[in-house]
K.L.:
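I'd like to ask you about the structure that follows.
Small disclaimer: the values here were computed from a predicted structure and weren't measured. Chain letters run A, B, ... following the sequence lines, proteins first, then strands; residues in each count from 1.
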Amino acid sequence: MTKQHANWSPYDNNGGSCVAIAGSDYCVIAADTRMSTGYNILTRDYSKISHLAEKCVMASSGFQADVKALQKVLSARHLTYQHQHNKQMSCPAMAQLLSNTLYYKRFFPYYSFNVLGGLDSEGKGCVFTYDAVGSYERVGYSSQGSGSTLIMPFLDNQLKSPSPLLLPAQDAVTPLSEAEAVDLVKTVFASATERDIYTGDKVEIVILNAGGIHREFMDLRKD
Amino acid sequence: MFRNQYDTDVTTWSPAGRLFQVEYAMEAVKQGSAAIGLRSKTHVVLACVNKANSELSSHQKKIFKVDDHIGVAIAGLTADGRVLSRYMRSECINYNYTYESPLPVGRLVVQLADKAQVCTQRSWKRPYGVGLLVAGLDESGAHLYYNCPSGNYFEYQAFAIGSRSQAAKTYLERKFNNFTASSREDLIKDALIAARESLQGEKLTSSVCTIAVVGVGEPFHILDQETVQQLIDTFEIVREEETAPAEPEAAAEQDAATEQASGADQGGAGNQGGADQGGSPMDI
């Protein structure tokens, strides 16, 4: 007698890739705008990026219904924080909140693969990378989603921080200029689009720096 | 005569059909320092008189932002007010989460009123000892509501609650017909004058008075002390005579100027200010 299994799944994967790169005084967060299901495209124009707090932006790929719910929960929690503390949440604080929120649903997870990017309390760029249940780490750069297996090795090649075992301790932050980082992101998405069928259409690039937030788009292959 | 027999708990009626505990709660509102609200077609202004217990302590927070489009000023037991503000904020957040749109003010005040009513019909509870002036904007326009401890609520063009609020109300009653078409600046000015009325003799400065505004295209926010002081100085509020409005503007301002402790300079400036702006307190 074999165990009965469900004939439907509560999850779906809408594909897509996300990237974030931290600089000395900026942070670049990018995600493609394609939303797909199976071999079909649902829309070419869907934003996976959410501006959670003044200096904190999240990009998430995976099941977009769960992503949307997650964004709403964090947004509501941020409002409460602002009422209580009379200020915006810092990026590291939001990072911890995201981790706790994800783990809260440890036994029915948000099917959401997130990268959080922003500026820390010193104004330096920070990137946090997550798994679906909230395990997270601060890093200098990261990618998540269907194209991450193609993107991450390339970022490692270009940006990899020295080993944490080295002395003297080296910064987790990348010694790239803002323009170079944006250029790298564009290159990375163009390459991922070539071989990952779920990545393409457009890439939305958000840049956070002392001057505020700036958004740009770049066209990608639509096939 | 029977007041003392029937006032032990809120679930006891008096022979005259009154709930004394609820009425005592309304008294608590009258003991709190004044809170004033006025609205025009596009803006709502809240003003509060902030009295610190002593020079050493800070002022009590009496105005709370509830959401971008709603704010509240309280009078009475400020602790109760704080708790209710937290409830209102939570309701706004939850509504927005579900409907992706701002909670209409009228619905929020009903929820608040129902919450207050519950405390008038449970033997183990007591009524909230705070009156709330809820200022908000929604699709149907600008609104100002007053929520009582009794669970009643009313919509107002302008209102004042708390101690010495009658003086402010008298002023507002004279001017309220103009409020609908008022500009934002005039509305704030009237709020400051009403606040000054309830101070009855004390000097109006930004350290005793807090102002908050919400309007079309303007999220609810509390004006900072500097701005308020500038507004007070700009409007150059001269001590107003308790005389008939028919009295000539110039003569009244002269009289008022001589009475003013600051003396001739301010009086002269007051005259100029009145003439330039054409909106002196003596205008009807």
K.L.:
Tell me if the CD atom of B:Q60 is crowded by more than 12 foreign heavy atoms within 6.0 Å.
P.N.:
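Counting neighbours around CD of B:Q60, 12 or fewer heavy atoms of other residues, nucleotides or ligands fall under 6.0 Å, so no.
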
K.L.:
Would you say NZ of B:K41 has more than 12 non-hydrogen atoms from neighbouring residues, nucleotides or ligands within 6.0 angstrom?
P.N.:
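Count not over threshold, so no.
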
K.L.:
For the CD atom of A:Q82 and the NZ atom of B:K65, what is their distance to the nearest 0.5 Å?
P.N.:
7.5 Å

K.L.:
Do other residues, nucleotides or ligands put more than 12 heavy atoms under 6.0 Å from the OH atom of A:Y104?
P.N.:
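Not more than 12 within 6.0 Å, no.
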
K.L.:
Can you confirm whether B:E100 sits close enough to A:K72 that some side-chain heavy atom of one is under 4.5 Å from a side-chain heavy atom of the other?
P.N.:
yes

K.L.:
Going from SG on B:C92 to NE2 on A:H83, what distance comes out if it is rounded to the nearest 0.5 angstrom?
P.N.:
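NE2 of A:H83 is found 8.0 Å from SG of B:C92.
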
K.L.:
Could you list the donor-acceptor pairs under 3.5 angstrom formed between side-chain atoms of residues 105-113 of chain A and any protein atom two or more places apart in sequence or on another chain?
P.N.:
from   : atom 1 : to     : atom 2 : distance (Å)
A:K105 : NZ     : A:F108 : O      : 3.1
A:S112 : OG     : A:N114 : OD1    : 2.6

